[in-house]
Amino acid sequence: MTTVAPEGDVRRHELAEFLRSRRERITPDQVGLPNGRRRRTPGLRREEVAQLSAVGVTWYTWLEQAREITVSPQVLDAVARALLLDRSERAHLFALAGTSDPAPDTPCPSITPALRAMLEQLSPMPAFIQNSRFDILAYNDTFSRLLCDLDGVRPEDRNCMWLAFTDPVWRAAVVDLHEVNRVMAAKFRASMAEHLSEPAWKTLLARLEAASPDFREAWARHEVVGTGGRSKFIRNPHVGLLRLEHTHLWLGPGAGPRLVTYVPMDEESRERLERLRELSRTGAGTAA
């Protein structure tokens with residue numbers, strides 16, 4: 001009689017083999033670690049992956065040994081980043097672990113071709129669609145160059161909170177950065193109240209707290225602000241100062257996905273947005 005291993009055992013062993021194979025293909029140079037002289041292990045050592053992932057060495061060793069341990073989505077997210085997994089590898093990792101990816105790089109099903117066409121029709125007004133977590137789901141050509149070269153940002157980092165607190169080009173473009181970011185943090189706290197236990201929200205919060213002293217300071221205020229429009233002043237490096245009215249159009253119930261537009265407040269800003277659209281379409285001024 002043939003004995004079939006339980007599905008959980010099969011998954012854990014597949015996960016262990018996958019992690020080991022990904023670890024062994026990465027050189028220390030790729031992740032900023034010294035090579036050392038007596039390195040006999042191909043690729044990274046287990047303790048190095050644990051260090052890069054900010055998890056215990058014993059815990060990571062058990063993971064590669066297919067031990068029956070609990071694996072949180074947040075820890076898997078950290079391991080995926082440490083092992084430089086691409087989109088397909090990341091999806092495979094979470095599938096083997098039998099859990100949801102807290103930061104999936106997949107198209108949002110609510111972004112229909114009609115919505116994408118509408119975004120482009122709004123140009124030269126900068127416009128984009130974001131969810132309540134401030135992820136940028138889709139955007140038009142003008143918005144792609146409004147605050148930074150958004151096309152050059154990794155998809156998993158296309159989040160307004162993340163860029164506002166960590167991206168130097170985005171931050172340099174925002175006039176009155178401290179006040180704007182204080183309000184953004186307050187809006188994020190208000191939005192998060194309905195998602196406190198969700199892995200994607202907890203992962204983003206942890207990343208922001210680890211990466212940005214400014215965010216930690218703003219978050220410690222415990223301020224809350226509802227989502228709404230306001231005037232925005234943006235100093236674009238290509239066309240100069242833009243005076244814009246920031247508006248929202250909700251695409252679903254509650255505080256779900258919304259269309260965000262920047263309407264010029266004066267003729268000078270309108271003309272500068274026209275120039276910015278042309279720059280975005282020709283690729284002029286894109287960082288090498």
Side-chain angles (χ1 to χ4, degrees), residues 84 86-88 90 103-131 133-177 180-181 184 204 211-212 229-251 257-288:
L84 307 179
D86 63 23
R87 176 198 285 190
S88 298
R90 184 184 176 97
D105 177 19
T106 54
C108 176
S110 65
I111 309 302
T112 64
L115 279 175
R116 293 186 185 277
M118 184 170 68
L119 283 174
E120 292 307 322
Q121 288 296 318
L122 286 169
S123 193
M125 288 191 298
F128 68 105
I129 296 171
Q130 69 176 12
N131 60 18
R133 199 175 53 240
F134 292 81
D135 295 325
I136 300 170
L137 307 177
Y139 51 91
N140 66 10
D141 49 9
T142 315
F143 185 75
S144 73
R145 304 292 292 282
L146 181 66
L147 289 147
C148 69
D149 180 10
L150 199 54
D151 292 338
V153 174
R154 298 187 308 171
E156 61 267 32
D157 289 339
R158 289 178 192 160
N159 174 280
C160 290
M161 290 295 301
W162 179 254
L163 293 168
F165 282 97
T166 68
D167 186 272
V169 178
W170 182 295
R171 290 168 61 83
V174 178
V175 177
D176 197 9
L177 177 70
V180 170
N181 280 7
M184 282 192 68
L204 176 58
S212 172
R230 58 173 293 179
S231 299
K232 294 274 188 177
F233 299 94
I234 296 171
R235 189 175 293 107
N236 183 273
H238 306 293
V239 300
L241 182 65
L242 297 163
R243 301 171 183 85
L244 308 170
E245 189 70 29
H246 179 259
T247 64
H248 291 159
L249 173 65
W250 268 259
L251 304 177
R258 56 190 178 269
L259 171 67
V260 182
T261 59
Y262 291 85
V263 180
M265 297 171 62
D266 52 48
E267 188 60 31
E268 183 178 46
S269 295
R270 184 178 298 277
E271 292 173 356
R272 289 178 175 179
L273 286 179
E274 291 276 7
R275 287 166 49 201
L276 185 60
R277 176 176 62 176
E278 293 307 310
L279 286 171
S280 68
R281 290 181 174 179
T282 61
T286 301

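Along the sequence shown, residues are numbered consecutively beginning with 1.
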Heavy-atom closest pair, residues Arg145 and His238: NH2-NE2, 3.5 Å
With sequence neighbours excluded, residues passing side-chain contact (heavy atoms from CB on, under 4.5 Å) with Met125: Leu122, Val263, Pro264
Below 4.5 Å, heavy atoms only, C-beta onward: do Asn181 and Arg171 meet side chain to side chain? yes
For Asn159, all residues meeting side-chain hydrogen bond (donor to acceptor under 3.5 Å, both in side chains), sequence neighbours excluded: Asp135
Residues forming a side-chain contact (heavy atoms from CB on, under 4.5 Å) with Gln121, sequence neighbours excluded: none
Sequence neighbours excluded, the answer for salt bridge (charged side-chain N to carboxylate O under 4.0 Å, His left out) partners of Arg158 is none
With side chains defined as the heavy atoms from C-beta onward, is the minimum distance between Phe128 and Asn140 less than 4.5 Å? no
Say you draw a straight line from OG of Ser144 to CD1 of Ile136; how long is it, rounded to the nearest 0.5 Å? 11.0 Å
Kindly confirm or rule out a cation-pi arrangement of Arg270 over Tyr262, judged by NZ or CZ under 6.0 Å from the six-membered ring centre and within 45° of its axis? no
In sequence, state the C-alpha distance, the side-chain angles, and the governing distance for Leu242 and Leu146, and then conclude on side chain to side chain contact (heavy atoms under 4.5 Å, CB included). CA-CA 9 Å; Leu242 297 163; Leu146 181 66; 3.6 Å; yes
Using the salt bridge (charged side-chain N to carboxylate O under 4.0 Å, His left out) criterion, which residues pair with Asp157? Sequence neighbours excluded. Arg154, Arg207
Under a 4.5 Å cut-off applied to non-hydrogen side-chain atoms, are Asn236 and Leu147 in contact? no
Measure the shortest side-chain to side-chain distance between Val260 and Thr247 over non-hydrogen atoms and say whether it is less than 4.5 angstrom. no
Do Arg275 and Arg277 come close enough that some side-chain heavy atom pair is under 4.5 Å? no
Holding to side-chain hydrogen bond (donor to acceptor under 3.5 Å, both in side chains), I want the full list of residues that pass it with Asp266, two or more places apart in sequence or in another chain. Ser269
Set of side-chain contact (heavy atoms from CB on, under 4.5 Å) partners for Arg235, sequence neighbours left out: Val175
Which residues share a side-chain hydrogen bond (donor to acceptor under 3.5 Å, both in side chains) with Thr142, sequence neighbours left out: Ser123
Under the side-chain contact (heavy atoms from CB on, under 4.5 Å) test, which residues partner Asp167, sequence neighbours left out? Cys148, Leu163, Val169, Trp170
Report the distance from atom NZ of Lys232 to atom NE2 of His246, rounding to the nearest 0.5 Å. 5.0 Å
Show your working on side chain to side chain contact (heavy atoms under 4.5 Å, CB included) between Leu150 and Tyr139 and close with a plain yes or no. CA-CA 9 Å; Leu150 199 54; Tyr139 51 91; 3.6 Å; yes
With the side chain counted from C-beta on, respond yes when Glu120 and Arg116 share a heavy-atom pair under 4.5 Å apart, and no when they do not. no
Just so I know, are the side chains of Leu249 and Thr261 near enough to count as touching, which here means a heavy-atom distance under 4.5 Å? no
Please assess Ile234 against Leu241 for the test side chain to side chain contact (heavy atoms under 4.5 Å, CB included), listing each intermediate value before the final yes or no. CA-CA 6 Å; Ile234 296 171; Leu241 182 65; over 6 Å; no
Within the structure provided, determine whether Leu115 and Leu259 are in side-chain contact (heavy-atom separation under 4.5 Å). no
For Glu268, give me all partners under salt bridge (charged side-chain N to carboxylate O under 4.0 Å, His left out), at least two apart in sequence or on another chain. Arg243, Arg272
